[in-house]
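These notes concern the structure reproduced below.
First listed ligand is number 1; within each ligand, the first listed atom is number 1. Atoms considered below: every heavy atom in the structure, side chains included; atoms not considered: hydrogens, waters and symmetry mates.
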Amino acid sequence: HPAELSMQAGGRGPNGRPHPRTFLACATAESEPRSGERAVDFPVCVVLPAGGTGERTGLQTPKQFWSFLDRPLISYTIDAFERVSWIQNVVVVVAKENVDQMSHIVQRFAHRKVRVVTGGCTRHRSISNGVRALAEDRPEVVIVHDAVRPFVEEDFLYQIALAAKEHGAAGAIRPLVSTVIASTAEGFLDHSLERSKYRASETPQGFTFDVISQAYQRCSDWDLEFGTECLHLALRYCRVHAKLVPGPPTLWKVTYRWDLAAADSILKEPMLRSACVLSGDSVHAATLVSSLQKAVGALSMKLHVLTDLSAGIQAFLMKEWNYIHVSVDVCRLSDMEALVTRLEVEKRAPLCPLVLIWVHLNTHGDQPCSRAEGDTAAILDLASALKPNKLLLYSIQLHKSEEPELWEGSVSKLSELIGVLVKERSPALVGQLLRA
Ligand SMILES: Nc1ccn([C@@H]2O[C@H](COP(=O)(O)OP(=O)(O)OP(=O)(O)O)[C@@H](O)[C@H]2O)c(=O)n1
Ligand SMILES: O=C(CO)[C@H](O)[C@H](O)COP(=O)(O)O
């Protein structure tokens, strides 16, 4: 016997389609300053050079505008600075032809500390323009950070800011991965450097405002054209020996095409680890969730189970990237809409798309559930309306078999599907009915 799935539509427009929803355009929950971090007690501003073309990626789109989960790379980097409460302004330097695009990104992702400035034809010229734009602010310290290094952490920025204030300049370093050698004009080995004595210079780098602005005022056109190192300008033109601070490997610069793939997987990694399950209080749902806990454990995923949408769950709703809503036998569209409304209020302009998986558990009969054509269309409608708002709604149906082997197989399939949906976050599959 097919299960009795009743869909009760709610919150629909005159044409029967769900009302389009709009997230509030305000600061992201992810951008709120984290409490408990150490704060510097002097003014710090940031220059993000983002005026390059990204030639080495071989792509038409400059890498800083390459999209990850529907958000450009530059926006992740900006977010890493905006969430630091003691950073005042972020000057983003872009090529003239990208100023409009950048302003649109600032608006779309509700960046609130950003000023957009036009760059130059080399990295040094772009940074120099960015520093000049801070002349009126005259912060104590200026942090310079490549826009294409999105994974910088607050704790490391704190170390750089403090060292810059104390020593005039400071920069991140990493061990070299290859030995540096010099070649003769004919292409033969001339000499090699003793690798343990050298370090790779990375960003962030910090400078007192006076040091960085004087360095750029005094340096030559040759430096601006061919130089690659701000710390060198501080040494050469201000006699400041920068303090070198060992940084984490995640500071690496997106340079080649495969770096884009690495960035994509690092950005998605935290989203794979957990999901918030709204199970209701039915015994069948509890059985499903307990079996599912074990199955997703194999994917190194944890489930936080909540039995209803009542108060006290705000913390979970805010933190999570993935939600699983379990309905047993009766699937009410209005329940799903209540959850969606709650998520929209709690998450506000999420950094990345949220995954919402609606699990329909059928406990009647021995056949997989079927659904009337209209019900499937209603879910598809709701999912399409939510997609532009970064809520990806999927649905999976499964049958509660009394045969342990069949039941185990279904739960294992369900866990596999959840793993894939959470990992891929594919807009193409929203609203589709999957079967476990
Ligand atoms: N005229 C330039 C050139 C580079 N940059 C920025 O400097 C950072 C580091 O430079 P790099 O990795 O060399 O970027 P691209 O110059 O874009 O890359 P490529 O050399 O492959 O073209 C990047 O954020 C880049 O946008 C800049 O602001 N202005
Ligand atoms: O690490 C850096 C600072 O020292 C810069 O990112 C690096 O110098 C940029 O150089 P290029 O644009 O040639 O990659």
Side-chain angles (χ1 to χ4, degrees), residues 46-66 72-78 80-81 90-99 101-102 105 114-133 142-152 156 160 164 169-178 180 198-207 212 215-216 219 221-236 240 242-260 262-263:
V46 176
V47 172
L48 294 182
T53 53
E55 210 182 307
R56 283 170 286 181
T57 60
L59 298 165
Q60 293 294 316
T61 307
K63 56 200 176 189
Q64 58 274 27
F65 298 118
W66 193 254
L73 183 68
I74 179 78
S75 178
Y76 291 94
T77 315
I78 293 171
F81 286 92
V90 180
V91 174
V92 180
V93 193
V94 295
K96 203 169 157 203
E97 60 272 23
N98 297 128
V99 169
Q101 183 181 2
M102 191 61 229
I105 291 169
V114 168
R115 200 179 299 165
V116 180
V117 163
T118 307
C121 57
T122 64
R123 179 174 175 271
H124 268 324
R125 290 190 195 279
S126 292
I127 298 171
S128 171
N129 288 2
V131 172
R132 265 207 304 276
V142 178
I143 291 179
V144 175
H145 185 69
D146 291 327
V148 290
R149 301 180 192 253
F151 304 110
V152 61
F156 192 71
I160 290 289
I173 51 164
R174 291 280 308 149
L176 287 178
V177 287
S178 306
V180 178
Y198 294 86
R199 298 288 176 270
S201 172
E202 316 272 348
T203 72
Q205 297 178 340
F207 307 85
I212 191 78
Y216 276 114
C219 74
D221 275 349
W222 191 95
D223 288 310
L224 290 174
E225 211 55 34
F226 302 107
T228 56
E229 183 52 77
C230 303
L231 300 181
H232 169 76
L233 299 185
L235 179 62
R236 171 115 197 245
V240 167
K243 176 71 180 165
L244 305 180
V245 188
T250 43
L251 285 180
W252 111 108
K253 179 159 69 70
V254 171
T255 303
Y256 297 99
R257 200 166 180 154
W258 52 81
D259 291 319
L260 296 169

Close N/O pairs between ligand 2 and protein, under 3.5 Å:
unit_1, atom_1, unit_2, atom_2, d
ligand 2, 1 (O), R149, NH2, 3.0
ligand 2, 1 (O), S201, O, 2.9
ligand 2, 4 (O), S201, OG, 3.2
ligand 2, 4 (O), E229, OE1, 2.7
ligand 2, 6 (O), D146, OD2, 2.4
ligand 2, 6 (O), R149, NH2, 2.9
ligand 2, 8 (O), T228, O, 2.7
ligand 2, 14 (O), R56, NH2, 3.0
ligand 2, 14 (O), K253, NZ, 2.9

Between R149 and T203, a side-chain donor and acceptor under 3.5 Å: yes
R115 (side chain) donor-acceptor with A133 (main chain) under 3.5 angstrom: yes
Contact list for residues 243-254, test side chain to side chain donor-acceptor pair (under 3.5 Å), sequence neighbours left out: W252-D259, K253-T255
Side-chain donor/acceptor of S126 to backbone N/O of G120, under 3.5 Å: yes
Ligand 1: protein N/O within less than 3.5 Å of ligand N/O:
unit_1, atom_1, unit_2, atom_2, d
ligand 1, 1 (N), G120, O, 3.0
ligand 1, 1 (N), T122, N, 3.4
ligand 1, 1 (N), T122, O, 3.4
ligand 1, 5 (N), G52, N, 3.4
ligand 1, 12 (O), K63, NZ, 2.9
ligand 1, 12 (O), K253, NZ, 2.7
ligand 1, 13 (O), R56, NH2, 2.9
ligand 1, 14 (O), K63, NZ, 3.3
ligand 1, 17 (O), T53, N, 3.1
ligand 1, 17 (O), G54, N, 2.7
ligand 1, 18 (O), K63, NZ, 3.3
ligand 1, 20 (O), R56, NE, 3.3
ligand 1, 20 (O), R56, NH2, 3.0
ligand 1, 21 (O), E55, N, 3.2
ligand 1, 21 (O), R56, N, 2.8
ligand 1, 21 (O), R56, NE, 2.9
ligand 1, 22 (O), G54, N, 3.4
ligand 1, 22 (O), E55, N, 2.7
ligand 1, 24 (O), P49, O, 2.8
ligand 1, 24 (O), A147, N, 3.4
ligand 1, 26 (O), G51, N, 3.3
ligand 1, 26 (O), G52, N, 2.9
ligand 1, 28 (O), A50, N, 3.2
ligand 1, 28 (O), G51, N, 2.7
ligand 1, 28 (O), S126, OG, 3.4
ligand 1, 29 (N), S126, OG, 2.7

Pair F226 and H124, ring centroids less than 6.0 Å apart: no
F207: which of L233, I212, V240 passes side chain to side chain contact (heavy atoms under 4.5 Å, CB included): I212
Test salt bridge (charged side-chain N to carboxylate O under 4.0 Å, His left out) applied to E229 - qualifying residues, sequence neighbours left out: none
Expected output: side-chain S201 to main-chain I173 donor-acceptor under 3.5 Å: no
Heavy-atom donor-acceptor pair, Q64 side chain to I74 backbone, under 3.5 Å: no
